[in-house]
Chemist: 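Sharing a structure below in structure tokens format, with a few things to ask.
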2 protein chains.
Amino acid sequence: MKNPDNPSETVEKILHAATVLFSERGFPETSLRTITGLADVNLASVNYHFGSKKELIQAVFARFMNPFSQGIDRRLDEIAEREDGELDTEALLRIVFSSLLEMTDSLNEDPQRFMRLCALAYSQAQEHLRHFIVANYGETYRRFITLLRNSVGDGTDAEAFWRSYFSMGAAVFTLSAYEPILSILRADFGQDSTMDEVIALLIPAMVRILKAKP
Amino acid sequence: MKNPDNPSETVEKILHAATVLFSERGFPETSLRTITGLADVNLASVNYHFGSKKELIQAVFARFMNPFSQGIDRRLDEIAEREDGELDTEALLRIVFSSLLEMTDSLNEDPQRFMRLCALAYSQAQEHLRHFIVANYGETYRRFITLLRNSVGDGTDAEAFWRSYFSMGAAVFTLSAYEPILSILRADFGQDSTMDEVIALLIPAMVRILKAKP
DNA sequence: GTCTATAAACTGATAGAC
DNA sequence: GTCTATCAGTTTATAGAC
């Protein structure tokens, strides 16, 4: 992007439209024409402002990931400063989810959309995107995962490693498909759940996966 | 397909090549030219044998899903016939995983490939595919999910419902990304895990998610 | 059933006027 | 910074010869 610190109105319109369309259809299924059409800007403006479609995809992620990783780092810093800094498994998971919701709230975007983009980043042929994410946010990720490993207690490294992916899968899968799953719950049981309620069920479930057997 | 019961060699070559390429790149990223090139058949043969790219995608799924759902039904039938038919949560999960591995083994395909196709079916714009799966295999799914619900004990329906999706996410996410996750385990810990070992860790983790609190 | 050739419709990207 | 027009490359799908 030409000037990431002061995005023009056109840039913001493109980023929002791209977020909506990418999360609903996937990256290759969404053409630049569809994005510029929804954003009501000229087709050529994507290449002018972002350079290419790949760089637009990365910019969409950076818009979410920058405040998200900063939120996690800030919360970890605050706890590290305190003498009695508690860092049990549940507290660490709460840090992630509160950072996630704070970020989507301040961007005025749906958390499900961001989770869906994350799922797409790992299920579609977007090698450039995974490299971009690891290169820019890998440090915060490694800091967190080390703390998480220390919080889950004994057990072999390989066990703890796979359990962390089991719990990540539970979270990413459920939250990225939140709306369709919810519509099944409504149809089959006539019930409803807010995302806060789902996260309240999800956190203890993740703790139970992550913790070594009692 | 013209004659699903006796697929020609051309049809089988196309289905295998499509399985490999779709699972590695996703559906829209894989062109019919790439598929017919790898299968070493003529470009026009896909439209001749399957009608369209959409129907090819559905045929790829049917090849896996038919023996998979039949395997689950057969095992459930066998247990239902026995007087002492045990149907606890772990036994039900073992039925799914043994049906999965039996199916991929008899097709001589990689289970990870099939799990990756499943993840893609729900993360890409393939509405037609999700309809196809629900229409053709929904009955076995509902039979299984009812037994699973009965096995997990008390708790509200909404809780049990969300927990079943948490555990499904843990399984689909981990197994569909088995190779890339394994390469991280090798790089960071110098360790290795077979898929059988991962499933052996996964089943108790899923049971712990599914079961209401002790 | 298999092939070639081609239609018809997209795609991302860019040159150049304003 | 925005626009039109267009290029060059791709895609799925099909018509028609063999």
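Every chain is numbered from 1 and lettered A, B, ... according to where its sequence line falls, protein lines coming before strand lines. Keep in mind the model is a prediction, meaning the values are calculated, not measured.
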Chemist: Check the phosphate of D:dG1 against A:Ser8, side-chain N and O only, distance under 4.0 Å to OP1 or OP2. Yes or no?
Modeler: no

Chemist: Among residues at least two apart in sequence or on other chains, which ones pass salt bridge (Lys or Arg N to Asp or Glu O under 4.0 Å) with B:Asp105?
Modeler: none

Chemist: The criterion is salt bridge (Lys or Arg N to Asp or Glu O under 4.0 Å); which residues satisfy it with A:Glu102, sequence neighbours excluded?
Modeler: A:Arg74, A:Arg75

Chemist: Among all residues two or more places apart in sequence or in another chain, which pass the side-chain contact (heavy atoms from CB on, under 4.5 Å) test with A:Leu32?
Modeler: A:Ile35, A:Leu43, A:Val46, A:Asn47, A:Lys53, A:Leu56

Chemist: B:Met206 versus B:Phe97: any side-chain heavy-atom pair under 4.5 Å?
Modeler: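 Counting from C-beta outward, B:Met206 and B:Phe97 do come under 4.5 Å.
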
Chemist: Would you mind reading off the distance between B:Leu21 atom CG and D:dT11 atom P, rounded to a whole angstrom?
Modeler: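 The distance from CG of B:Leu21 to P of D:dT11 comes to 12 Å, rounded to the nearest Å.
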
Chemist: Using the side-chain contact (heavy atoms from CB on, under 4.5 Å) criterion, which residues pair with A:Val172? Sequence neighbours excluded.
Modeler: A:Met115, A:Ala119, A:Met168

Chemist: Look at the side-chain N and O atoms of B:Asn42 and state whether any lies under 4.0 Å from the OP1 or OP2 oxygen of C:dT4.
Modeler: yes

Chemist: Each nucleotide N or O in nucleotides 11-18 of chain C that has a protein N or O under 3.5 Å away: list the pair and distance.
Modeler:
residue	atom	partner	partner atom	Å
C:dT11	OP1	A:Ser31	OG	3.1
C:dG12	OP1	A:Leu32	N	3.4
C:dG12	OP1	A:Lys53	NZ	2.9
C:dG12	OP2	A:Leu32	N	2.9
C:dG12	N7	A:Arg33	NH1	3.0
C:dG12	O6	A:Arg33	NH2	3.2
C:dA13	OP2	A:Lys53	N	3.0

Chemist: For C:dC3, does either OP1 or OP2 sit under 4.0 Å from a side-chain N or O belonging to B:Ser45?
Modeler: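 For B:Ser45, the contact criterion (side-chain N or O under 4.0 Å from OP1 or OP2 of C:dC3) is not met.
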
Chemist: B:Arg25 has an atom CZ; how far is it from atom C1' of D:dT10, in whole Å?
Modeler: 14 Å

Chemist: Output the rounded distance in Å from CD (B:Glu9) to C1' (C:dG1).
Modeler: 13 Å

Chemist: Test of understanding: with salt bridge (Lys or Arg N to Asp or Glu O under 4.0 Å), list the residues that count as partners of B:Asp77, not counting sequence neighbours.
Modeler: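 Checked B:Asp77 against salt bridge (Lys or Arg N to Asp or Glu O under 4.0 Å); matches are B:Arg143.
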
